[in-house]
Protein chains: 4
Amino acid sequence: MARRSSDPARVREKILKLAMEEFARTGFDGARVDRIAERSKVSKNMLYYYFKSKEGLFVAALERMYEEVRDQQRELSVRAHDPILAMRQLVEHTFQALESNPNAIRLMNEENKQRGRFLRKSKRIRDLYNPLVETISFILERGRVEGVFRPALDSAVVYMTLSSLCYHYLSNRYTLEIALGKDLASAASRKTWVEHVGNIVLLYCTAEVPSTTAPKTAVMRQRATSDADA
Amino acid sequence: MARRSSDPARVREKILKLAMEEFARTGFDGARVDRIAERSKVSKNMLYYYFKSKEGLFVAALERMYEEVRDQQRELSVRAHDPILAMRQLVEHTFQALESNPNAIRLMNEENKQRGRFLRKSKRIRDLYNPLVETISFILERGRVEGVFRPALDSAVVYMTLSSLCYHYLSNRYTLEIALGKDLASAASRKTWVEHVGNIVLLYCTAEVPSTTAPKTAVMRQRATSDADA
Amino acid sequence: MARRSSDPARVREKILKLAMEEFARTGFDGARVDRIAERSKVSKNMLYYYFKSKEGLFVAALERMYEEVRDQQRELSVRAHDPILAMRQLVEHTFQALESNPNAIRLMNEENKQRGRFLRKSKRIRDLYNPLVETISFILERGRVEGVFRPALDSAVVYMTLSSLCYHYLSNRYTLEIALGKDLASAASRKTWVEHVGNIVLLYCTAEVPSTTAPKTAVMRQRATSDADA
Amino acid sequence: MARRSSDPARVREKILKLAMEEFARTGFDGARVDRIAERSKVSKNMLYYYFKSKEGLFVAALERMYEEVRDQQRELSVRAHDPILAMRQLVEHTFQALESNPNAIRLMNEENKQRGRFLRKSKRIRDLYNPLVETISFILERGRVEGVFRPALDSAVVYMTLSSLCYHYLSNRYTLEIALGKDLASAASRKTWVEHVGNIVLLYCTAEVPSTTAPKTAVMRQRATSDADA
DNA sequence: GATGAATGAGATTTCATTCAT
DNA sequence: CATGAATGAAATCTCATTCAT
């Protein structure tokens with residue numbers, strides 16, 4: 001009776017989806033295989049049939065999550081003509097991708113907690129990172145050619161800067177809120193911060209960097225939109 | 001009989017120390033009360049006698065960790081006369097504090113995973129964040145007075161910028177290494193990055209921020225030390 | 001489609017072979033249907049199709065094993081003219097048959113553990129024992145006729161004596177080794193023991209048996225080859 | 001409510017007793033921890049608290065069994081003055097010890113099935129074997145001095161002979177019964193066999209062993225009691 | 001304050017077996 | 001004949017917590 005779910009691929013998918021949620025919500029140790037099984041309406045054994053162990057399921061969920069993120073980035077991937085605009089859009093997209101994938105953040109944290117133990121088991125994941133870095137390279141190069149960006153910028157550094165600022169805001173929201181007494185979840189805060197990140201990154205890409213000893217005297221013509229009163 | 005295990009305060013301390021490690025290493029769910037008891041050479045019941053529950057122990061460990069971090073920051077807290085120098089030192093100290101307290105990072109991540117559920121239970125923690133933000137305010141004000149920093153800078157924004165960049169490098173080390181194929185643990189990488197963070201923060205504090213539409217034409221005099229080839 | 005896995009009889013054979021090994025190695029409870037299926041490269045359902053259940057498979061494997069042993073004994077079955085020589089050869093062959101069929105020993109032990117529960121289900125097995133006992137009868141009779149063996153010897157007793165001594169050495173090898181601190185697996189030990197068994201059996205067949213009360217004064221002319229220094 | 005069983009040593013004992021039975025009856029793989037727990041009226045966890053794992057429990061049960069056997073042998077241990085009588089008594093005791101401890105046989109078989117894997121983990125077991133071998137040495141020596149036994153007899157060989165014949169009769173009872181169509185459980189069969197074993201062992205100890213080539217011509221004065229009509 | 005013994009609930013994993021195709 | 005997918009029941013083991021002393 002009602003034995004047939006017919007499509008094993010679909011079953012696998014459903015399991016993975018639920019597993020992602022569970023692992024993201026509670027971490028590897030907190031996650032319960034029972035719960036995943038129950039929610040995906042699959043008998044517990046099937047999880048083992050498909051994924052061999054809790055760990056196997058976790059790795060599979062991780063891979064799946066990375067794919068989702070990549071797909072989302074690919075969709076959003078804008079290559080606006082103006083490098084400055086493009087960079088701002090990239091920041092916006094990066095932030096948005098992380099924002100709409102809270103699972104991604106939690107799973108990555110989990111990975112790092114385990115010192116990359118799972119990551120190393122999955123060759124596929126490595127490849128998924130590249131697109132973003134490549135997009136940055138692309139934008140930097142165009143900016144350089146057009147004379148708006150400094151030469152010799154390292155795309156990895158820009159990537160790390162940009163993603164640190166986006167990721168941390170979302171990842172450490174609760175401690176930051178308590179530390180600063182602010183509400184980071186509000187639309188206003190979010191908007192302000194994304195602009196700020198854009199400003200910071202562009203400042204870095206356009207300006208020469210300051211030395212330790214000599215004070216800056218640069219004069220800049222445009223005010224940022226709303227940065228100062230964040 | 002004649003057990004006389006020194007004074008209770010010391011026992012509490014020992015338990016907390018081991019608990020911090022365990023919770024940091026494995027997260028709340030991964031942590032084992034048994035293990036903490038065994039390692040601290042205290043009978044399991046004592047843990048319950050002192051801390052009432054696993055959760056109580058976690059909160060206590062959290063508080064303890066925050067105190068440690070604060071104490072460390074207080075020690076390091078430099079208030080160099082030159083605001084630019086002071087800011088660079090602040091970055092260095094912040095990075096170093098996090099670096100030498102991997103437990104702190106992991107515990108904070110844990111907190112955020114639990115959506116601040118534990119944090120809210122502890123009034124004491126709130127206070128521990130302030131010093132850093134205050135130090136930033138202090139430096140910003142002096143810089144403004146001396147004319148090297150922009151006016152109307154928000155210390156919270158500077159704090160978030162600075163700590164995002166430091167924290168993320170350490171917290172997400174493993175995924176970053178895989179994503180970028182770099183070794184972030186090396187002394188060279190670390191040095192370069194800390195300099196980079198200083199540069200970024202100072203750029204932000206000194207320069208006006210760029211607009212989206214108009215290209216930058218600023219001319220800046222000094223090259224950064226080693227930033228471009230990170 | 002177009003699988004055509006040769007003939008069913010061969011498949012059955014392959015399954016049985018692997019099943020024998022698995023059951024012998026791990027016992028009935030320790031044996032895993034999955035493992036047998038995997039190793040014999042047959043889908044698990046085939047096992048059930050052919051043998052109906054794990055128990056059915058076990059009984060079939062048991063029968064198969066007995067057949068193998070019988071075939072082997074039939075091959076070796078020597079009927080040397082000299083009864084004494086014949087008896088020694090019989091011992092050697094019995095030992096060798098058990099030695100080269102460790103599975104047989106383990107399966108028989110398994111059966112005895114289960115109190116012959118499986119054995120009784122298989123009529124065929126009963127017949128397989130006879131040849132050995134018959135061979136013994138044959139040798140005993142010839143020995144009696146030739147005047148070298150005592151009259152009225154019970155072939156069953158000789159069979160039990162002989163097989164106990166051979167079987168136990170192999171079956172309980174590990175406990176014996178530990179109990180005695182000897183290496184029973186060595187070629188030397190083995191040779192000595194087989195000779196010893198031959199001696200014992202021949203002693204019994206040729207000599208009158210000693211009484212409890214009166215000491216023996218028999219004088220025997222020949223020394224055994226290497227028995228005393230085993 | 002009824003929490004107190006007070007005496008942990010007694011609890012341990014009870015568990016071990018039940019474990020021995022379970023392991024003996026069903027073998028290691030067939031044994032169920034649940035069943036042992038239930039029967040010994042101890043919560044399942046206690047088994048793990050005391051013995052760490054199923055394997056640990058098995059080893060402990062094994063040791064316990066060996067102790068029992070040794071204690072029993074020690075009790076029975078006769079050192080009759082007449083070596084021949086002593087040897088017969090030893091056979092009787094050995095048989096009886098095994099007979100009244102069917103668990104011992106099954107556990108030893110289990111060990112051998114596992115290739116002594118558990119045995120090697122327990123230093124204590126090694127020692128438990130010695131007494132029997134020593135008793136044999138003692139008897140052999142006295143017999144030699146008194147001139148009734150051959151010199152240079154190896155006590156290990158006598159031990160192996162004697163125990164093979166006793167053990168196998170009991171251990172392989174079911175297959176033997178089917179093979180020979182006899183009822184080995186009857187008191188008569190048992191008595192006959194024990195006498196036979198005594199006869200065999202004494203024959204070996206008193207007589208010179210026969211060579212392969214030359215026929216025996218020994219004349220012996222006493223008839224065995226009931227051996228021929230077994 | 002301190003401890004060894006005990007426990008209930010539940011975690012992950014295994015396994016013989018069957019169904020639909 | 002043959003198979004991949006599925007399952008229910010149960011197995012071993014874990015863990016936070018408490019009781020009696």
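Residue numbering restarts at 1 for every chain, and letters A, B, ... go by the order of the sequence lines.
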Sugar-phosphate, base or nothing in reach of C:A31, heavy atoms under 4.0 Å: sugar-phosphate
Check: A:N45 side chain, F:dA10 base, donor-acceptor under 3.5 Å: no
Rounded interatomic separation in angstrom, taking CZ from A:F51 and P from E:dT12: 15 Å
Options F:dT17, E:dT12, F:dA5, nucleotide nearest the side-chain atoms of A:P8: F:dA5
Position toward the 5' end of DNA chain E (nearest nucleotide), B:Y50 or A:D29: B:Y50
Distance, rounded to the nearest Å, where C:K44 contributes NZ and F:dA2 contributes C1': 14 Å
P-based separation of F:dT21 from E:dG1 [nearest Å]: 23 Å
Whole-Å distance separating the CE atom of A:M46 from the C1' atom of E:dT13: 14 Å
Nucleotide F:dG8, atom C1' - distance to CG of A:D34 in whole Å: 14 Å
Earlier contact from the 5' end, DNA chain E, for C:Y48 and A:Y48: A:Y48
Point-to-point distance, once rounded to the nearest 0.5 Å, from CG of D:L18 to CD1 of D:I36: 7.5 Å
Nucleotide F:dA5, atom C1' - distance to CZ of A:R10 in whole Å: 16 Å
Atom-pair distance (OH on D:Y49; P on F:dT18), nearest Å: 17 Å
First encountered from the 5' end of DNA chain F, between A:V42 and D:E55: A:V42
Within 6.0 Å of CD in A:E38, more than 12 heavy atoms from elsewhere: no
Identified pairing partner of F:dT21, criterion: Watson-Crick or G-U wobble below 3.5 Å: E:dA2
Flag, side chain of B:N101 to backbone of B:N103, donor-acceptor distance under 3.5 Å: no
Candidates E:dT12, E:dA2, E:dT17 - which lies nearest the side chain of A:V33: E:dT12
Atom pair distance, as rounded to whole Å: CZ in A:R32 and P in F:dT14: 14 Å
Polar side-chain atom of D:K54 near backbone of D:F28 as donor-acceptor pair, under 3.5 Å: yes
Expected output: side-chain D:E22 to main-chain D:R32 donor-acceptor under 3.5 Å: yes
Whole-Å distance separating the CG atom of C:L57 from the P atom of E:dA16: 11 Å
Base-pairing mate for E:dA16 - Watson-Crick or G-U, with both contacts under 3.5 Å: F:dT7
